[in-house]
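Shown next, in C-alpha cells, is the structure this report addresses.
These numbers come from the heavy atoms of this one structure, side chains and all, not from hydrogens, waters or symmetry mates. Bear in mind that the values here come from a model prediction, so they are computed numbers and not experimental data. Nothing fancy with the numbering, it's 1 onward along the sequence.
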Amino acid sequence: MKQIFKALNMIRQCDSRAFWLRIIYVLILNALPLLNLYILKFLVDSVTNGTYPVVLGVEMNTLTALGIFCAISLLTRVVSVMNGVNNDIMQQKLIDFISERMQGQSAKLDMSYFDNPDYHDTYHRAQQEASYRPIQILNGFMGLLGSLISISIIVVMLSRVSGWIIVVMVAAVVPSFIVRVIKARQIYAFRRGNTQNYRRTSYYTALLGGRDYAKEMRTFGLAPYFRERFVAIRKALVKDLIKISRRLGWYDSVCAIVETAALFFVTMFLIMSTTDGSITVGSFVMLFEAFRRGQTQLAQLVSSVTGLYDNRLFIGNLFEFLDLEPSIVNAPNAKPFPLQVKSVEFRDITFRYPKMERDVLSHFNLTARAGEVTQIEGENGFGKTTLLKLLLRLYDTDQGAVLVDGVDVRQYDLKGLRHGIGAIFQDYVRFYCTAEENIAFGDIDHYDSARVKQVAEMAGVDKYIERLPKGYQTPLGRMFDGGEELSMGQWQRIALARQLYSDAPILIFDEPTAWMDIPSRERFYQTLEQLKKENKVIILIKHI
C-alpha cells in the first residue's frame, strides 16, 4: 500500500482542490442512486396498493415520490457532469506534473546512467506508464471508496430481509477477485521481463519514421530489414500475451456462471417472499435492484482492488526512476569557479566507462595554459573526447585528478564549473529552434542579441543567417513549419558560435572543422588567434 499512498500524495500535490473535490463528488454520486432506490420503493407501493407512508414528515404519495425521484436523478446528473469536468482538469494537470518531474529527474542524473542499459529499461518503463498510471490509481481508489459506500448502504437494506443473501452476494465475487489478482501479477511479470524487447520495438519505430535516419534507411534499403525485426518481436510479444489472456479467460467464464447462479437463487427467494406476503412489491423491486447493484458494486470493488494492485506494481517503475540519485554532486562548501583561468591540468588520469572491461585513459598527463592552443591528437578511441567529459565532470576519474588553477574540479561549484567551460562536441546537437536561440543556448541565462551577432561573425556564419527569410529569428531544420535546413558545415559553425557565446575562460574544440570548407577553416584558425589574445585556455582535439 505504500506505493499507492505515494501515488495519491503525488496527485494531491498536483492539484489539492481538484483532488478533494473528486472525493466529495464520489461520495455524492454513490449515495444518491441508492437514495433514489429507496424512494422507488415508495413510488411502486403507492401505485400498487395505495399506501402513503410518512417519511421525515413528508407523505409519500405518488406525485411526491415521483417528484423526489426526478429531483434526485437531476442532481445526480449535474454532479456527474461536474465530476467529469474536474476529472479532465486533474488528468491534464497530472500529465504535466509528472512529465516535469521526470524531465527534471533525467536532467540531474549523471552521464554514467545513460551508458547503462538498466537505466534505459527503468526510464522506458517509467515513461511508458507515467502518463496514465497515477490517474488510474486515483480512479481505482475513488472506485474503491465509492463501492464501499454503496455496499454499506446495500448491506443495511438486505439485512432487513435475510443475512444469508449478503453472504451469497459476497461469496459469489471471491473467485473473480482471485483470478484478477493472478492476471495482474502475470501481466506485470511479463512486461517487466520483456522491457528490452519493448524498447527495441520503439527503437525500430524511430528508425523507420525518424528524419535523422531517413537518408541511410533509403540509401541502403534497410526498411524491410528493420520492419521484419519489428514484426517478429511484436508477434512474439502478442502471442505470449494472448496465451495469458486466454488461459485466464476460461477462469473468468466460470466466475460469471457463479455470479449468475447467485442472482438466480436470490431472485427466486425474493419472488417467494413477495408471493407469501412477507414483503411488498415495492420492497421486492428495491431489494432485487439492491442485490443486483450489490453484485455490480462488489464487482467494481474487486476491479478497483485488483486495479490498485496492478497499478501498484507498475507505479513502482515510476518511483524507481524518480528515486535514482546522481553521484556527481557539489562538494560541501564548493568553491566558486574563477572568472579567469591560468591553467588546466590532467594529472595521472585513469578512467574507464561503466561496465567496460578496459581503461580508456591510463595514467594520462597533460597541462594546458592560458594564451596558448594546446592540441591533443590521436586515433579514434584514444580517449580525446573523454578528457573533455572529465573536465566538465560529466564523469569523475577513477584515479588521478583534473585540476583548474591547481584545484581539483570536484571542489568547484558544479554549475559554475560547467558555465566556465565552453565546449563544442564532435557530436554537437542541432536544436530545431531559431538561429538566435541556437547560438544563445551557449549562455541562456544571459540573453543578448548583440552578442549573438558578434559571435556569429566570429564563427563565420553571420552572412548565411542574414540571408535566411527571417534572419536570426528563422527556425533551423525542417522539423517544424517555416524551418530552413543547413548544411553540416553550417550547423557546425552554429555550434561554434554557441560555444563562443558562452565567453568562458576555458574553450575546448572537439574536431571543430570536420565539416567545414577551406575558407571556413581559415576563418576558424583566425578566430583561435583572436581568442589566444583574450588569454583563454584553449584545447584543440584532432584526429590523426
Side-chain angles (χ1 to χ4, degrees), residues 96 99-100 102-111 113-114 123 127 202-203 206-207 209-216 385 388-389 392 394 415 417-504 506-517 520 523-524 527 541:
D96 292 342
S99 296
E100 289 172 7
M102 290 191 63
Q103 291 166 2
Q105 173 72 351
S106 181
K108 78 175 185 179
L109 294 177
D110 310 331
M111 284 294 297
Y113 280 103
F114 295 87
Y123 180 74
Q127 185 183 45
S202 296
Y203 173 61
L207 288 177
R211 185 181 185 279
D212 290 343
Y213 310 105
K215 293 191 295 292
E216 294 203 27
T385 301
L388 167 56
K389 296 175 182 178
L392 284 162
L394 300 178
K415 182 178 180 180
L417 168 72
R418 291 172 179 171
H419 182 74
I421 301 171
I424 177 171
F425 294 92
Q426 185 178 351
D427 53 347
Y428 55 86
V429 175
R430 291 174 288 174
F431 293 103
Y432 297 122
C433 304
T434 67
E436 184 172 85
E437 286 174 320
N438 260 276
I439 296 172
F441 287 157
D443 186 3
I444 195 61
D445 293 332
H446 300 89
Y447 206 101
D448 184 346
S449 296
R451 173 69 178 162
V452 167
K453 294 177 181 179
Q454 178 186 358
V455 297
E457 183 180 356
M458 291 176 65
V461 75
D462 55 320
K463 300 300 183 185
Y464 178 78
I465 293 176
E466 289 167 0
R467 289 196 297 268
L468 293 174
K470 296 182 181 179
Y472 284 85
Q473 301 307 315
T474 304
L476 302 184
R478 299 293 298 168
M479 182 68 72
F480 304 107
D481 289 343
E484 292 287 327
E485 189 55 88
L486 278 64
S487 69
M488 293 302 295
Q490 289 164 339
W491 272 115
Q492 191 165 39
R493 278 179 279 172
I494 289 285
L496 175 60
R498 180 163 58 243
Q499 178 203 30
L500 297 175
Y501 184 86
S502 68
D503 197 27
I506 302 173
L507 296 175
I508 302 183
F509 303 88
D510 188 359
E511 284 295 323
T513 61
W515 295 96
M516 292 184 186
D517 53 28
S520 297
R523 180 65 175 270
F524 168 72
T527 300
I541 296 174

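For the atom pair Arg478 CZ and Glu485 CD, the distance stands at 8.0 Å (nearest 0.5 Å). Taking OG1 of Thr527 as the reference point, atom CZ of Arg523 lies at 6.0 Å (rounded to 0.5 Å). Once rounded to the nearest 0.5 Å, the distance linking OH of Tyr501 with CE of Met458 reads 13.5 Å. Leu500 CG to Ile439 CD1: the interatomic distance, rounded to the nearest 0.5 Å, is 9.5 Å. Expressed to the nearest 0.5 Å, how far SG of Cys433 lies from CD of Gln473 amounts to 11.5 Å. A distance of 5.0 Å separates CG in Leu476 from CG in Asn438, rounded to the nearest 0.5 Å.
Using modelled atom types, one side-chain atom of Gln499 and one backbone atom of Ile508 make a donor-acceptor pair closer than 3.5 Å. With hydrogens and angles disregarded, no donor-acceptor distance shorter than 3.5 Å links the side chain of Glu466 to the backbone of Lys463. Arg493 places no side-chain N or O within 3.5 Å of a backbone atom of Val461 that could act as its donor or acceptor partner. Checked by atom type and distance alone, the side chain of Arg498 never pairs as donor or acceptor with a backbone atom of Gly442 at under 3.5 Å.
Taking the side chain as every heavy atom from C-beta outward, Ile494 and Ile465 approach each other to under 4.5 Å. The shortest side-chain heavy-atom distance between Asp503 and Arg451 falls under the 4.5 Å cut-off.
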Carefully, step by step, assess Arg430 and Gln492 under the rule side chain to side chain contact (heavy atoms under 4.5 Å, CB included).
CA-CA 9 Å; Arg430 291 174 288 174; Gln492 191 165 39; over 6 Å; no
Checking Tyr472 against Glu437 for the side chain to side chain donor-acceptor pair (under 3.5 Å) test, could you report, in this order, the C-alpha distance in whole Å, the side-chain angles of both residues, the deciding distance, and whether it holds?
CA-CA 8 Å; Tyr472 284 85; Glu437 286 174 320; over 6 Å; no
Please determine whether side chain to side chain contact (heavy atoms under 4.5 Å, CB included) holds for the pair Asp510 and Asp427, giving the CA-CA distance in whole Å, both sets of side-chain angles, and the decisive distance to 0.1 Å.
CA-CA 9 Å; Asp510 188 359; Asp427 53 347; 6.0 Å; no
Apply side chain to side chain contact (heavy atoms under 4.5 Å, CB included) to residues Gln426 and Thr385 and explain how you reach the verdict.
CA-CA 8 Å; Gln426 185 178 351; Thr385 301; 4.1 Å; yes
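Between Val455 and Ala497, the shortest heavy-atom distance links the atoms CG2-O, 3.6 Å. Considering all non-hydrogen atoms of both residues, Ala504 and Gly422 come closest at CB-N, 3.3 Å. Nearest approach of Gly482 to Pro475, heavy atoms of both residues: O-CD, 3.7 Å.
Looking at residues two or more places apart in sequence or on another chain, you find a side chain to side chain contact (heavy atoms under 4.5 Å, CB included) between Thr474 and Leu468, Pro469, Lys470, Glu484.
For Phe524 and Phe509, the gap between ring centers is short of 6.0 Å.
Within 6.0 Å of NZ on Lys389 lie more than 12 heavy atoms contributed by other residues, nucleotides or ligands. Around NZ of Lys415, the count of heavy atoms belonging to other residues, nucleotides or ligands within 6.0 Å does not exceed 12.
Judged purely by distance below 3.5 Å, without hydrogens or angles, the side chains of Tyr447 and Glu436 pair a donor atom with an acceptor atom. Between the side chains of Ser502 and Asp443, no donor N or O sits under 3.5 Å from an acceptor N or O.
The aromatic rings of Trp491 and Tyr432 sit perpendicular, their planes meeting at an angle over 60°, well past the 30° parallel limit.
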